[in-house]
2 protein chains.
Amino acid sequence: MTDASGPAGGRRTTLADVAARAGVSVPLVSIVMRDAPGASAATRERVRRAAEELGYRPDLRARLLRRSRSRLIGVVFGVQHPFHGDLVSGLYTASDPAGYELALSAVTPGRDERRAVASLLQDRCEALILLGPQLPTSDLAELAARMPVVVVARAVRSRAVDVVRTDDAAGLHLAVDHLVELGHTRIAHVDGGRAPGAAERRRGYREALRGHRLDAEERVLPGGLTEDEGAAAARTLLAAAPRPTAVTVFNDRCATGVLDVLRRGGLSVPRDLSVVGFDDSSLARLSHVALTTVAQDTDRLTALAVARATARLEDTAPASEREQVVPPHLVVRATTAPPRG
Amino acid sequence: MTDASGPAGGRRTTLADVAARAGVSVPLVSIVMRDAPGASAATRERVRRAAEELGYRPDLRARLLRRSRSRLIGVVFGVQHPFHGDLVSGLYTASDPAGYELALSAVTPGRDERRAVASLLQDRCEALILLGPQLPTSDLAELAARMPVVVVARAVRSRAVDVVRTDDAAGLHLAVDHLVELGHTRIAHVDGGRAPGAAERRRGYREALRGHRLDAEERVLPGGLTEDEGAAAARTLLAAAPRPTAVTVFNDRCATGVLDVLRRGGLSVPRDLSVVGFDDSSLARLSHVALTTVAQDTDRLTALAVARATARLEDTAPASEREQVVPPHLVVRATTAPPRG
DNA sequence: CTGAAAGCGCTAACAT
DNA sequence: ATGTTAGCGCTTTCAG
């Protein structure tokens, strides 16, 4: 148990209190607390116990103020987006061994990216990792002039910022190749509109069809990021004649909407129509959904993002490529099968 | 445009730099930057321009170190949980006008609540808001001895911590009353197990049935928080004889799984079976899902949580009730209808 | 191995 | 209205 007999007057416990209790100087306590070299084993033990007894907690802010470096990486993420949740998890695990702390700043309906970034700047972050930012390229470039900026899951033209993203086009090649191998020829694509990655995925779909000499079958349906937009696309699909036998969809959420409407329309998936999603989100993994999908390698994306940020900060490595593209892989589940007949 | 001619050597711009440029003393600049009284309009203008030209940003950490108060509220949330996203949004909007900053700390598969809390303590948060924490009550009480702790969306026995939560039992009363009004008598409940709120909702379901003299029809099926668990419960439901004509479900995610399996099992919702969810999450609002559900008032929950935390910090108000319970309301959509026949 | 002194960037208390 | 002094809690010299 920790003991309440700390400093008087409800003040918080400081290094000085620990030093007094252990009968040593303040800097020595600092050394012990940081596991830095320069203290005898006996002293270490004594200081440790004193700190324990007082329930001492180091003050990160004071520590950072004194240190030249803050070892703090700011992360801007969308609180609504489930995929960002996966990325944040990965960022924590990647930053920890690298010796960096994360400062999270959320984008919400009432708090735009600019505010999210501004608060991180005040916190003295040394670098910024932005997840799927919508900020204009010019703003990103301006930021990047001030500090290392790594954009995850969005392509950016500017030379100034680092980018780590999935090879979206390759993802659609995987999906289309899989369907063609199963024997499909009439393969449609439900598009993501202006969403990050949508243009690449659309391009991948087109390229892949051409690669299989199926140019004539190209069919891109307007869609979006959400279930509702998928549902709308599925209605178009139901009405189409001849109907495609397979469809690749911008993401899993949208694919879920597609599945729902198809089945309610009386079609059997995958018997009548095969469906491939994108993201391998938790949605896709649900046993009763069992969606075949293109998986993004979130662990790798986040490891690279942190590695890039820290490399910039520590001036190691000649910064290889400005843009790092991570290959996705296909997860085959139960929504794809050979076409009927 | 900001000008790069700040301090030499890539150091960051400080108050001293601004003071030098404006030809005034450091504290005066501080006064101007904080909009504190004690500077002439002319000086203000001059200092403002100097700061602007140098691209000066105040250092929050230094500021907080110097101030006795940090005006920082720590928030622990689950990065996986969509509902927490809504709550975080609300917390930002509530804390801003109160003059408090938020420090976010995520719980992820690789980062438990203890670590999340520890990092916030180091950040010198003055109070903690925990969203649906799984931490044992004893830990919560120990924390609460140290600083104000507000638990949101979970009932806690300990007298030490403040609680703000939805009246879960009342929510199930609303759901059951609605179904009874439609004419249902065989109403089952898919349970949430040990999830926060599950016990209350189960109790509300039981009370409501008894209120309608339907004790004999009581039927609680094991479920959980996820679609998969709902799917499993639905399979039990399909096999039951006589089959209930309506079912209340622990939350919307779980209800989605229920819906999916019911429909694939050949039942029509709501013709053959009515379904009511809980949370009014974005899932429920999807046009093709259109789930009747019990909505939690997130704005009110978050406003109360912040109000409670700040009241504790500022010693205002005699802390009214330790537990504040917010009434939910029913959102009727397309998954409920009178029973057949 | 240990202690004394200085200072990170800022703000509060006192002077003027 | 403005400047001077001191110190938040910590780490980094530099002496001993």
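Quantities reported herein were computed from a predicted structural model and do not represent experimental measurements. Labels below follow one simple rule: chain letters A, B, ... track the order of the sequence lines, proteins then strands, and each chain is numbered from 1.
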Task: Crowding at CZ, Arg46(A) (>12 non-hydrogen neighbours, <6.0 Å) - done: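 Result for CZ/Arg46(A): enclosed.
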
From [atom1] of [X] over to [atom2] of [N], roughly how many Å is that when rounded to an integer?
{"X": "Arg67(A)", "N": "dC8(D)", "atom1": "CZ", "atom2": "C1'", "value": "18 Å"}
{"X": "Leu60(A)", "N": "dC8(D)", "atom1": "CG", "atom2": "C1'", "value": "15 Å"}
{"X": "Ile31(B)", "N": "dA15(C)", "atom1": "CD1", "atom2": "C1'", "value": "13 Å"}
{"X": "Arg124(A)", "N": "dC8(C)", "atom1": "CZ", "atom2": "P", "value": "14 Å"}
{"X": "Leu64(B)", "N": "dC10(D)", "atom1": "CG", "atom2": "P", "value": "15 Å"}
{"X": "Asp17(A)", "N": "dC8(D)", "atom1": "CG", "atom2": "P", "value": "11 Å"}
{"X": "Arg63(A)", "N": "dG9(C)", "atom1": "CZ", "atom2": "P", "value": "18 Å"}
{"X": "Arg57(A)", "N": "dC10(D)", "atom1": "CZ", "atom2": "C1'", "value": "17 Å"}

Taking the minimum atom-to-atom distance to the side chain of [X], which one of [options] wins?
{"X": "Leu65(A)", "options": "dT11(D), dG9(D), dT11(C)", "value": "dG9(D)"}
{"X": "Ala62(B)", "options": "dC10(C), dT4(D), dT11(D)", "value": "dC10(C)"}
{"X": "Asp59(B)", "options": "dG9(D), dC10(C), dT11(C)", "value": "dC10(C)"}

Heavy atoms under 4.0 Å, any strand shown: does [X] hit a base, just sugar-phosphate, or nothing?
{"X": "Leu28(A)", "result": "sugar-phosphate"}
{"X": "Arg34(B)", "result": "sugar-phosphate"}
{"X": "Val24(A)", "result": "sugar-phosphate"}

TODO: Compare every heavy atom of Leu15(A) with every heavy atom of Ser30(A), then report the nearest pair and how far apart it is.
DONE: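 Closest approach of Ser30(A) to Leu15(A), heavy atoms only: CB-CD1, 3.8 Å.
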
TODO: Could you tell me which non-hydrogen atom of Val164(A) sits nearest to which non-hydrogen atom of Leu301(A), and how far apart they are?
DONE: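 Looking at all heavy atoms of both residues, the shortest contact is CG1-O, 3.5 Å.
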
Return the [atom1] to [atom2] distance between [X] and [Y], rounded to the nearest 0.5 Å.
{"X": "Leu72(A)", "Y": "Glu126(A)", "atom1": "CG", "atom2": "CD", "value": "7.5 Å"}
{"X": "Glu142(A)", "Y": "Ser158(A)", "atom1": "CD", "atom2": "OG", "value": "11.5 Å"}
{"X": "Ile73(B)", "Y": "Leu120(B)", "atom1": "CD1", "atom2": "CG", "value": "11.5 Å"}

TODO: Mind grabbing the angle between the end helix axes of the helix from dC1(C)-dG16(D) to dT16(C)-dA1(D)? Five pairs an end, 10° rounding.
DONE: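 Computed angle between terminal axes is 40°.
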
Is [X] close enough to [N] that one of its side-chain N or O atoms is under 4.0 Å from OP1 or OP2 there?
{"X": "Ser30(B)", "N": "dT11(C)", "value": "yes"}
{"X": "Ser40(B)", "N": "dT2(D)", "value": "yes"}
{"X": "Ser25(A)", "N": "dT2(C)", "value": "no"}
{"X": "Thr43(B)", "N": "dT2(D)", "value": "yes"}

Using distance only, find each side-chain donor-acceptor pair of residues 97-108 of chain B under 3.5 Å and give its atom names and separation, not counting sequence neighbours.
{"residue": "Tyr100(B)", "atom": "OH", "partner": "Arg69(B)", "partner atom": "NH2", "Å": "2.7"}
{"residue": "Tyr100(B)", "atom": "OH", "partner": "Glu314(B)", "partner atom": "OE2", "Å": "2.5"}
{"residue": "Ser105(B)", "atom": "OG", "partner": "Arg111(B)", "partner atom": "NH1", "Å": "3.0"}
{"residue": "Ser105(B)", "atom": "OG", "partner": "Ala116(B)", "partner atom": "O", "Å": "2.9"}
{"residue": "Ser105(B)", "atom": "OG", "partner": "Ser119(B)", "partner atom": "OG", "Å": "3.3"}
{"residue": "Thr108(B)", "atom": "OG1", "partner": "Gly110(B)", "partner atom": "N", "Å": "3.2"}
{"residue": "Thr108(B)", "atom": "OG1", "partner": "Arg111(B)", "partner atom": "N", "Å": "3.3"}

Open item on the list: Salt bridge check, Arg48(B) against Asp35(B): does any charged N sit closer than 4.0 Å to a carboxylate O?
Closed with: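 Salt bridge: yes.
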
Task: Residue whose nearest DNA chain D nucleotide is more 5′ - Arg66(B) or Gly23(B) - done: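 Its nearest nucleotide lies further toward 5', so the answer is Gly23(B).
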
